[in-house]
Protein chains: 2
Amino acid sequence: MNNILNNIDKMRNDAIRIFYKGIEAVDPYAAVKRFCKLKKDKFMIGDKTYNLSRFKNLFVIGAGKASAPMAAAIEDLLGNKISSGIINVKYDHIVKLNYIRQFEAGHPVPDKNGLQGATSILRLSRHAGLDDLIIGLFSGGGSALLPLPAKSLSLIDKQNTIKVLLSCGASIHEINAVRKHISMIKGGQLSKAVYPATLVSLILSDVIGDDLDVIASGPTVPDSSTYHDCMEIFYKYKILNKLPESVIRYIKAGVSGKIPETPRKTDPAFKKTYNFIIGSNIDAITAAEQKSSRLGYHTIILSSMIAGDTRQAAHIHAAIAKEIIKSGHPINSPACLLSGGETTVRIHGTGLGGRNQEFALATAIDISENKNIVILSAGTDGTDGPTDAAGAIADTYTIIRASSLGLNPYDFLLNNDSYHFFQRLGDLFITGPTGTNVMDLRIILVN
Amino acid sequence: MNNILNNIDKMRNDAIRIFYKGIEAVDPYAAVKRFCKLKKDKFMIGDKTYNLSRFKNLFVIGAGKASAPMAAAIEDLLGNKISSGIINVKYDHIVKLNYIRQFEAGHPVPDKNGLQGATSILRLSRHAGLDDLIIGLFSGGGSALLPLPAKSLSLIDKQNTIKVLLSCGASIHEINAVRKHISMIKGGQLSKAVYPATLVSLILSDVIGDDLDVIASGPTVPDSSTYHDCMEIFYKYKILNKLPESVIRYIKAGVSGKIPETPRKTDPAFKKTYNFIIGSNIDAITAAEQKSSRLGYHTIILSSMIAGDTRQAAHIHAAIAKEIIKSGHPINSPACLLSGGETTVRIHGTGLGGRNQEFALATAIDISENKNIVILSAGTDGTDGPTDAAGAIADTYTIIRASSLGLNPYDFLLNNDSYHFFQRLGDLFITGPTGTNVMDLRIILVN
């Protein structure tokens with residue numbers, strides 16, 4: 001414990017070091033290298049071993065914000081054992097690769113380049129045979145980066161459908177059901193295309209609870225929704241007259257059995273599909289925990305699944321920090337409270353900010369005038385809302401410092417203007433793109 | 001660990017036993033007896049000792065939902081050493097007392113009886129002299145039970161003022177500032193009335209963070225708000241034309257210095273006032289923790305200060321329970337997660353329920369289809385909203401059982417109708433009045 005000074009500046013530095021240790025653990029390149037090993041011809045992925053000499057071809061496919069560094073790690077491991085490969089990456093996210101072709105594609109709005117890459121990936125997948133091994137590399141953003149509308153539908157049809165669903169109040173599960181049914185890849189259809197080849201999918205999770213069927217819309221995961229469900233959703237939200245006619249016609253054809261259903265759990269393709277999560281929010285938190293413990297803080301991981309309203313989450317984190325000071329529960333100070341997940345900002349105002357900056361501001365208000373507390377909340381991908389910051393850093397003295405600058409923190413909070421609040425204080429946390437994406441990391445230090 | 005069966009019924013019983021252990025620890029009678037000891041003439045209260053032989057008279061005053069059992073404990077301890085006493089209690093809450101007179105009074109709406117008791121208490125307080133010791137007994141509800149409007153104001157004036165403040169969106173701190181300035185007792189004025197006698201105040205806390213100036217409106221605690229603040233609040237919310245004229249006239253007289261300010265921290269009265277919190281939410285939680293540990297659960301106290309939106313608090317508690325299952329953080333199962341405080345229900349529907357029942361319902365939805373989880377959320381006073389239940393008990397199978405009865409849990413949640421949901425399932429948690437009141441207790445068991 002003796003290396004902790006009762007010093008807010010030291011604590012702020014500690015929080016930053018803890019954050020970077022967290023994101024290092026989920027660096028896509030490092031995660032693939034940690035999760036996969038090659039010993040002679042034996043390719044070990046997690047607890048599985050694949051004897052490469054038994055396969056004729058080794059193909060690599062993938063899509064997602066982190067697919068380029070994941071591919072680089074696979075190339076470093078397997079080199080010229082790779083027959084060929086294709087991945088879709090975000091514009092300006094390509095890296096140097098020797099065996100795997102990269103398509104730069106649109107995100108978050110899918111575009112023609114993405115479509116072209118997706119078509120090539122599907123062709124390669126269908127081309128694979130019984131004796132081939134395909135390695136899939138998927139991460140957040142993979143849904144938009146890998147757009148392939150079902151036959152007779154256009155990219156515009158698909159986009160308009162999602163827009164209507166988003167604005168009618170449909171749940172994310174309902175949106176995903178439709179999304180999978182108007183795609184040729186999502187909802188396990190990529191597994192089906194690859195079959196009878198063996199598919200090993202390496203997945204960097206950017207969703208709460210690491211639900212495999214949600215990450216990148218689950219191209220290698222069985223679907224449980226049906227065309228019938230899609231029609232019910234259209235009726236439920238009374239959006240039949242708002243949707244593209246071609247989409248309704250297509251879904252109706254599915255209901256009447258004229259086109260095949262998305263693959264179920266029982267589909268033989270999934271007997272040859274192996275999905276591995278190689279990194280997720282809890283991995284970042286666990287690494288952060290190790291660092292904070294080494295720095296001398298009693299550390300507690302609250303949950304990697306914190307969702308819901310940002311300010312309410314802030315109130316609860318602040319309540320825990322204050323309890324640490326008051327009664328030494330849940331842990332004694334010097335304490336580090338860690339949580340992850342992704343909250344949602346309720347928009348009341350016209351300001352600029354992101355969920356992490358708003359979290360830091362709301363928490364700072366709650367803990368003002370307490371003992372030394374530092375809050376760092378930031379997106380692991382280095383972005384937070386429509387800003388150039390990853391998040392913000394705040395402490396016990398933030399509100400007092402703001403007052404001395406004539407800033408009313410409540411006004412900024414009510415206007416959702418956390419960015420300008422922390423900008424004035426010099427407390428934006430700016431990292432630039434980190435290359436990974438496992439939602440947010442919140443670090444609260446109490447001393 | 002061997003006494004935990006992987007059995008939901010056993011876990012439900014455990015949750016109930018843990019709850020009762022929690023409220024036993026904050027039983028007002030027991031709390032006074034634990035906190036105060038008498039050895040010959042030495043009356044020990046916490047870490048202070050009062051030599052009773054040095055005092056001429058020993059008076060007892062007080063108000064609150066728990067003041068009767070607190071008074072009974074004081075009578076058991078001090079018996080005929082008590083010169084006389086007066087306390088205000090809720091209707092039907094009187095107990096057998098020999099030395100202390102009880103006024104039954106209105107709550108939550110103050111009434112004439114309360115006014116009569118408050119007048120008598122103030123008279124007794126002013127009568128006390130330099131050599132007298134006064135024991136104050138305060139608990140939640142003490143504000144409404146001890147109404148004494150400032151000179152020239154009526155009870156109706158006071159009530160109307162609070163009503164206007166509640167409906168204009170003023171914060172609880174703003175409401176309290178006004179409340180104290182139109183009272184003759186609140187905001188430290190009782191201490192001032194007692195001075196130069198010695199005042200020892202025993203307080204059972206029913207507020208987040210145990211803020212002494214909030215419990216029973218802080219009759220024995222310095223005030224920091226001013227008449228000027230009150231006028232600013234009236235202007236800020238533009239309610240000057242809605243408030244009783246007599247109240248505005250009174251506050252203006254205060255601003256111009258014609259009537260004295262509420263006593264500040266520097267007032268000599270507070271040199272002779274000693275406030276002791278004899279029980280609060282964290283005490284109930286700590287006792288619950290001991291019980292759950294004895295029952296074999298790894299136990300964690302989250303915070304006794306959980307406030308804000310009920311459903312959001314439910315989401316975060318559920319996220320922690322799911323993390324326990326997923327990664328063994330913050331603790332390994334079998335696990336017990338404890339929290340306290342008091343959340344707020346957002347009213348969207350027309351149903352019946354309370355914050356604890358809504359918490360149990362929202363959490364049950366989030367944790368359905370997980371491993372064995374049990375949720376018990378209840379008010380320590382035995383009431384939850386306008387219902388006869390203290391709260392509700394739910395588990396991993398609640399949602400499935402509801403479905404088999406044809407109940408849609410989302411419909412009940414959206415209609416704020418948690419009472420009828422749990423009534424149908426037979427899962428209301430009904431205790432009757434417990435005699436204490438330290439906000440809510442939430443118990444989540446995971447195995």
Side-chain angles (χ1 to χ4, degrees), chain A residues 171 205 208-211 277 280-283 285-286 288-289 298-332 335-344 346 362 366-367 369-370 410 442 444 446, chain B residues 171 205 208-211 277 280-283 285-286 288-289 298-332 335-344 346 362 366-367 369-370 410 442 444 446:
Chain A
S171 73
S205 168
I208 297 267
D210 303 334
D211 291 337
I277 289 183
S280 71
N281 190 267
I282 191 71
D283 298 316
I285 297 182
T286 307
E289 179 197 29
H298 303 116
T299 305
I300 186 170
I301 294 175
L302 202 56
S303 176
S304 65
M305 293 178 250
I306 304 293
D309 183 63
T310 303
R311 288 185 208 171
Q312 299 292 337
H315 291 326
I316 291 183
H317 283 72
I320 298 170
K322 289 195 271 189
E323 191 68 58
I324 290 170
I325 292 170
K326 187 184 174 184
S327 73
H329 290 292
I331 38 173
N332 284 313
C336 174
L337 173 66
L338 296 170
S339 81
E342 196 170 289
T343 64
T344 313
R346 280 181 207 232
D366 276 9
I367 56 95
E369 297 178 43
N370 267 283
Y410 295 95
R442 298 173 212 96
I444 298 184
V446 182
Chain B
S171 74
S205 168
I208 298 265
D210 303 334
D211 290 338
I277 290 182
S280 72
N281 191 266
I282 190 71
D283 297 316
I285 297 181
T286 306
E289 179 198 30
H298 304 116
T299 305
I300 187 171
I301 295 175
L302 200 58
S303 176
S304 64
M305 293 178 248
I306 304 293
D309 183 63
T310 303
R311 289 185 207 171
Q312 300 292 337
H315 291 324
I316 291 183
H317 283 72
I320 298 170
K322 289 196 272 189
E323 191 67 57
I324 289 170
I325 292 171
K326 187 182 175 185
S327 74
H329 288 293
I331 38 174
N332 284 313
C336 175
L337 174 66
L338 298 170
S339 81
E342 197 171 289
T343 64
T344 312
R346 280 181 208 231
D366 276 8
I367 57 95
E369 297 176 43
N370 267 283
Y410 295 95
R442 298 173 214 97
I444 298 184
V446 182

What's the separation between atom [atom1] in [X] and atom [atom2] in [Y], rounded to the nearest 0.5 Å?
| X | Y | atom1 | atom2 | result |
| --- | --- | --- | --- | --- |
| A:Asp366 | A:Arg311 | CG | CZ | 11.5 Å |
| A:Glu289 | A:Ile301 | CD | CD1 | 4.0 Å |
| A:Asp309 | A:Thr344 | CG | OG1 | 7.5 Å |

Do you know which of [options] has the most heavy-atom pairs with chain A at a distance under 4.5 angstrom?
| options | result |
| --- | --- |
| B:Thr299, B:Leu338, B:Asp210, B:Ile285 | B:Asp210 |
| B:Ile282, B:Ile331, B:Ile300 | B:Ile282 |
| B:Ser327, B:Gly209, B:Ser304 | B:Ser304 |

Problem set entry | Nearest non-hydrogen partners of A:Ser303 and B:Ala319, listed with the distance |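 The answer is OG-O, 2.8 Å.
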Exercise. What residue in A:Ala307, A:Gly308, A:Pro330 has the most heavy-atom pairs under 4.5 Å with chain B?
Worked result: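 Among the listed options, the one with the most contacts to chain B is A:Pro330.
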Exercise. For A:Lys322, is it the side chain, the backbone, both or neither that has a heavy atom under 4.5 Å from a heavy atom of chain B?
Worked result: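 Both parts, heavy atoms under 4.5 Å.
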Exercise. With a 4.5 Å heavy-atom cut-off, do A:Leu337 and A:Leu302 have their side chains touching?
Worked result: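 The answer is yes, as the side chains (C-beta and beyond) meet within the 4.5 Å cut-off.
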